[in-house]
Colleague: 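My questions will all concern the structure given below.
Naming convention: chains lettered A, B, ... in sequence-line order (proteins, then strands); numbering from 1 in each chain.
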Amino acid sequence: MERIRINELVIDKPAKIAGCIDILRNTKYMVFVILKDLTGVIQVSIDKGTQPTLTEEILKATPGSFISVWGVEKENPHVKLGGKEFIPSKIVVESVANELPVDANSFIDQRIDYRWVDLRTDKNTLIFEVQTLLVNKMREYLLQKDFLEIHTPKIIGAASESGSEVFELKYFDKKAYLAQSPQFYKQMAMAAGFDRIFETGPVFRAEKSYSNKHTTEFTGFDVEFSYIDNMYDVMHLEEELLTYALKAVKEKYGNKIKELYGKEVVVPTCPFPVMKLPDVYKELEKRYGMKFPDAVKGDLVTEAERKVEDLSKEMFNSEFLFITDYDASQRAFYHMRDKNGVPQGYDLIWRGCEITTGAQREHRYEILKKQAEEKGLGKDVEFYLEFFKYGVPPHGGFGLGVDRLTMLLLGITIKEAMFIFRGPQRLNP
RNA sequence: GGGCCAGUGGUGUAGCGGUUAACAUGUCACUCUGUCACAGUGAAGAUCGAGAGUUCGAUUCUCUUCUGGCCCGCCA
């Protein structure tokens, strides 16, 4: 008999179910097993008097053990767990668990050590159900617009942007690096005339960042497309994409997220508000009495970034805010600049955290080369500059942090939001 | 990389220059006419992160080290 999931059970219809024991109550005449699978929980009730064989088998098990149960679901109004119970005719204890080393109260670091046990809870599996939907809806949105999905190398021969924040590795008798971003390859695809592309895949950063939003390996969702007029075209695509995905998440998981994480999923409205960075500082100082030294104002410092959540809600009733007009010194050399030298790029802040950097790219070889040289990037980017010698259309794009998106959606930290977190001190499991 | 803080049974905490190292929860056993956060009784379980020092005596004080947390920086 094929195993079905608990939410597929039908009253009085014989079935096989299987899962993990949540609670095992052994009373004088009855054994009650709260069995859990990904879709729900059901009480399995064993009568010790009439089912001695099943009793013997089930008492080999412990909470956390995996079992298979054949039997029938019956209605029983006395059962507080949904008014239903499962009357077994056969039980197999598949795998017995030791006493579990973590519970919901354990610290996240301890929980990561035993992540496979930790992830068994509804609350934690929801993270990945939500992320699956989120990413697939973003993918779906782009596919509807005829984007190509590409897969770029993660082992690369030249440090991609600055050279300081990449992991070095041995590649036979040569040095290689782990890709810190698919940036150059995305643009290569533009040079190839691919027109519109996206990629979702791992990104590696050799930064010793200790915060609850940084990790050394994460999943990026990168988009690049051609024939744009300006960075606003890029922003427009991104806001549509996010709205589309968040709408789907709210419909399917909005209630469950509210229940388990206490977070409301707010579907944004387009267009998202846009502010120039100097105006953001001006408003923060004016409205909240904050003070920032001029020296930091070319970039968005953490304190300001957090407060942008309030600012954006207050000024625009929006959780999202696009910020433009960063100082050229703070931005990548490949961002196009206007005639005043202002980078034509933006960051997207959601709930007080940066989730995206996007830009119109500089596609004119001479200017691009000059901007690279200004940043002291000569040989490092030779391979990249080559693309632009043979014609590249005007284009732009952005990179979105999938793990940050998940984290912010649920109001948790990056360690909790990732299947397995990787940090400067965390290489296992 | 800089600043501050923490590490005590499986888990989460209390405590303190001399204690039988306390509590909750979990685990195990027995008891309990269907439980449902079951209940009751009992048991096991901690060389108090590691190393060195001060002291008659250190889990407690000092130093070193490891690990973690928070804040800053770096960014997605």
Side-chain angles (χ1 to χ4, degrees), chain A residues 22-34 41-50 59 62-64 74 76-85 87 97-114 117-118 161-162 164-165 180-183 200-223 238 295-296 299-306 326 330-332 346-350 353-358 398-408 413-415 417-418 421 423-428:
Chain A
D22 209 16
I23 300 172
L24 195 141
R25 284 189 206 106
N26 184 9
T27 68
K28 189 173 189 185
Y29 297 103
M30 299 287 293
V31 179
F32 300 98
V33 178
I34 307 301
V41 287
I42 183 92
Q43 173 172 294
V44 178
S45 306
I46 300 140
D47 188 316
K48 284 181 166 179
T50 61
L59 290 179
T62 56
K74 293 281 184 190
N76 182 344
H78 297 297
V79 178
K80 290 179 184 166
L81 199 69
K84 291 177 281 192
E85 64 184 342
I87 307 302
N98 288 344
E99 184 178 1
L100 301 180
V102 287
D103 61 35
N105 294 325
S106 302
F107 288 118
I108 183 62
D109 197 63
Q110 175 87 12
R111 285 163 47 203
I112 294 172
D113 286 342
Y114 297 93
V117 174
D118 181 48
E161 281 179 45
S162 62
S164 63
E165 65 232 318
Q180 170 254 23
S181 144
Q183 188 57 37
T200 180
V203 175
F204 305 91
R205 300 280 164 94
E207 286 157 357
K208 288 193 174 173
S209 297
Y210 297 93
S211 81
N212 49 29
K213 60 176 188 180
H214 286 86
T215 167
T216 51
E217 176 176 357
F218 63 94
T219 302
F221 193 99
D222 274 272
V223 175
E238 181 168 13
V296 308
D299 199 2
L300 191 65
V301 296
T302 303
E303 197 188 352
E305 182 182 347
R306 284 215 186 89
Y326 284 77
Q330 303 297 323
R331 306 301 269 189
Y346 65 89
D347 277 6
L348 178 58
I349 313 295
W350 183 32
C353 179
E354 178 186 338
I355 56 167
T356 284
T357 296
F398 59 88
L400 195 58
V402 169
D403 310 278
R404 279 199 182 168
L405 217 48
T406 310
M407 157 186 121
L408 293 165
T413 65
I414 197 98
K415 288 188 179 182
M418 297 184 76
F421 170 79
Q425 308 283 9
R426 170 62 77 172
L427 207 43
N428 287 301

Colleague: When the distance from CG of A/Leu427 to C1' of B/U67 is rounded to whole Å, what number comes out?
Modeller: 15 Å
Colleague: Which residue pairs pass the salt bridge (Lys or Arg N to Asp or Glu O under 4.0 Å) test with at least one member in residues 203-221 of chain A, sequence neighbours excluded?
Modeller: A/Lys213-A/Glu305
Colleague: Sort me out a list of protein N/O and nucleotides 73-75 of chain B N/O pairs below 3.5 Å, or just none if empty.
Modeller:
residue : atom : partner  : partner atom : Å
B/G73   : OP2  : A/Thr302 : OG1          : 2.3
B/G73   : O6   : A/Tyr210 : N            : 3.3
B/G73   : O6   : A/Tyr210 : O            : 3.3
B/G73   : N2   : A/Lys208 : O            : 3.1
B/C74   : O2'  : A/Glu207 : OE2          : 3.4
B/C74   : O2   : A/Ser209 : OG           : 2.2
B/C74   : N3   : A/Ser209 : OG           : 3.2
B/C74   : N3   : A/His214 : NE2          : 3.2
B/C74   : N4   : A/His214 : ND1          : 3.2
B/C74   : N4   : A/His214 : NE2          : 3.3
B/C75   : O3'  : A/Arg205 : NH1          : 3.3
B/C75   : O2'  : A/Arg205 : NH1          : 2.7
B/C75   : O2   : A/His214 : NE2          : 3.4
B/C75   : O2   : A/Arg404 : NH1          : 2.8
B/C75   : O2   : A/Arg404 : NH2          : 2.4
B/C75   : N4   : A/Lys213 : NZ           : 3.1
B/C75   : N4   : A/Glu305 : OE1          : 2.9

Colleague: For a quick check of understanding: with a heavy-atom distance under 4.0 Å over all strands, which category does A/Arg306 fall into, base, sugar-phosphate or nothing?
Modeller: sugar-phosphate
Colleague: Find which nucleotide of RNA chain B each of A/Asn212 and A/Asp103 is nearest to by heavy atoms, and output the residue with the more 5' nucleotide.
Modeller: A/Asp103
Colleague: Looking across every strand, which nucleic acid part, if any, lies under 4.0 Å from A/Leu400 by heavy atom: base, sugar-phosphate, or nothing?
Modeller: nothing
Colleague: I'd like to check the salt bridge (Lys or Arg N to Asp or Glu O under 4.0 Å) partners of A/Asp347; sequence neighbours left out, ordered by chain and number.
Modeller: A/Arg331
Colleague: Out of A/Thr27, A/Asn26, A/Ile46, which one pairs with A/Phe32 under the side chain to side chain contact (heavy atoms under 4.5 Å, CB included) rule?
Modeller: A/Thr27
Colleague: State whether the side chain of A/Thr216 and the backbone N or O of A/Ala206 hold a donor-acceptor pair below 3.5 Å, judged by distance alone.
Modeller: no
Colleague: Roughly how far apart, to the nearest Å, are B/C48 and B/G10 at atom C1'?
Modeller: 16 Å
Colleague: If I pick the C1' atom on B/U60 and the same atom on B/G53, what distance separates them, to the nearest angstrom?
Modeller: 15 Å
Colleague: What distance, rounded to whole Å, do you find between the two C1' atoms, one in B/A46 and one in B/U41?
Modeller: 24 Å
Colleague: Say you draw a straight line from CG of A/Leu81 to CD1 of A/Ile34; how long is it, rounded to the nearest 0.5 Å?
Modeller: 5.5 Å
Colleague: Closer than 4.0 Å, any side-chain N/O of A/Gln110 to the OP1 or OP2 of B/U11?
Modeller: yes
Colleague: In whole angstrom, give me the gap between the P atoms of B/U20 and B/A37.
Modeller: 41 Å
Colleague: From CD of A/Glu238 over to P of B/A76, roughly how many Å is that when rounded to an integer?
Modeller: 12 Å
Colleague: Name the nucleic acid region contacted by A/Asp47, choosing base, sugar-phosphate or nothing; use a 4.0 angstrom heavy-atom cut-off, strictly under.
Modeller: nothing
Colleague: Give A/Gln425 one of three labels, base, sugar-phosphate or nothing, depending on what nucleic acid heavy atoms sit under 4.0 Å from its own.
Modeller: sugar-phosphate
Colleague: Flag the pair A/Phe218 / A/Pro202 as yes when at least one side-chain heavy-atom distance between them is below 4.5 Å, and no otherwise.
Modeller: no
Colleague: Check whether any side-chain heavy atom of A/Ile349 lies under 4.5 Å from a side-chain heavy atom of A/Leu300, and answer yes or no.
Modeller: yes
Colleague: B/A76, B/G12, B/G34: which one has an atom nearest the side-chain heavy atoms of A/Thr356?
Modeller: B/A76
Colleague: Pull out every protein N or O sitting under 3.5 Å from an N or O of nucleotides 26-33 of chain B, one pair per line with the distance.
Modeller:
residue : atom : partner : partner atom : Å
B/G26   : O2'  : A/Glu99 : OE2          : 3.4
B/G26   : N3   : A/Glu99 : OE2          : 3.3
B/U27   : O4'  : A/Glu99 : OE2          : 3.4
B/C32   : OP1  : A/Lys28 : NZ           : 3.1
B/C32   : N4   : A/Asn26 : O            : 3.2
B/C32   : N4   : A/Lys28 : N            : 3.2
B/U33   : OP2  : A/Lys28 : NZ           : 3.2

Colleague: Both atom distances under 3.5 Å, Watson-Crick or G-U wobble: I'd like the secondary structure of RNA chain B as a dot-bracket string, with | for pairs made across strands.
Modeller: (((((((..((((....[...)))).(((((.......))))).....(((((..]....))))))))))))....
Colleague: With rounding to the closest Å, how many angstrom separate the P atoms on B/A58 and B/G51?
Modeller: 14 Å
Colleague: Rounded off to whole Å, could you give me the CG-to-C1' distance for the A/Asp113 and B/U11 pair?
Modeller: 13 Å
Colleague: If each of A/Met30 and A/Asn105 is mapped to the nucleotide of RNA chain B with the nearest heavy atom, which maps nearer the 5' terminus, i.e. the 5' end?
Modeller: A/Asn105
Colleague: Quick one: A/Phe107 CZ to B/U8 C1', roughly how many Å, whole number?
Modeller: 13 Å
Colleague: Between B/C56 and B/G17, how many Å separate the two C1' atoms, rounded to a whole number?
Modeller: 12 Å
Colleague: Taking atom C1' in both B/C4 and B/G40, compute the distance separating them and give it to the nearest angstrom.
Modeller: 48 Å
Colleague: If we take the C1' atom in both B/U19 and B/U62, what is their distance in whole Å?
Modeller: 24 Å
Colleague: If every non-hydrogen atom of A/Cys353 is compared with every non-hydrogen atom of A/Met407, which pair is closest and at what distance?
Modeller: SG-CE, 4.1 Å
Colleague: Rounded to the nearest angstrom, tell me the gap between atom NZ in A/Lys80 and atom C1' in B/U35.
Modeller: 9 Å
Colleague: Applying salt bridge (Lys or Arg N to Asp or Glu O under 4.0 Å), can you list everything that pairs with A/Lys84, at least two apart in sequence or on another chain?
Modeller: none
Colleague: Nearest to the side chain of A/Gln43, which nucleotide is it out of B/G34, B/C70, B/A76?
Modeller: B/G34
Colleague: Looking at A/Tyr114, I want to see if its OH is surrounded by more than 12 non-hydrogen atoms of other residues, nucleotides or ligands under 6.0 Å.
Modeller: no
Colleague: A quick test of your reading: do over 12 heavy atoms of other residues, nucleotides or ligands sit less than 6.0 Å from CG of A/Asp299?
Modeller: yes
Colleague: For a 4.5 angstrom cut-off between non-hydrogen side-chain atoms, does A/Ile355 reach A/Leu408?
Modeller: yes
Colleague: Expressed as a whole number of angstroms, how long is the span from A/Ile23:CD1 to B/A39:C1'?
Modeller: 15 Å
Colleague: Using side chain to side chain contact (heavy atoms under 4.5 Å, CB included) as the criterion, point out the one residue from A/Phe398, A/Trp350, A/Phe221 that pairs with A/Thr356.
Modeller: A/Phe398
Colleague: Write down the distance between CD1 (A/Ile34) and C1' (B/G34), rounded to a whole number of angstrom.
Modeller: 12 Å
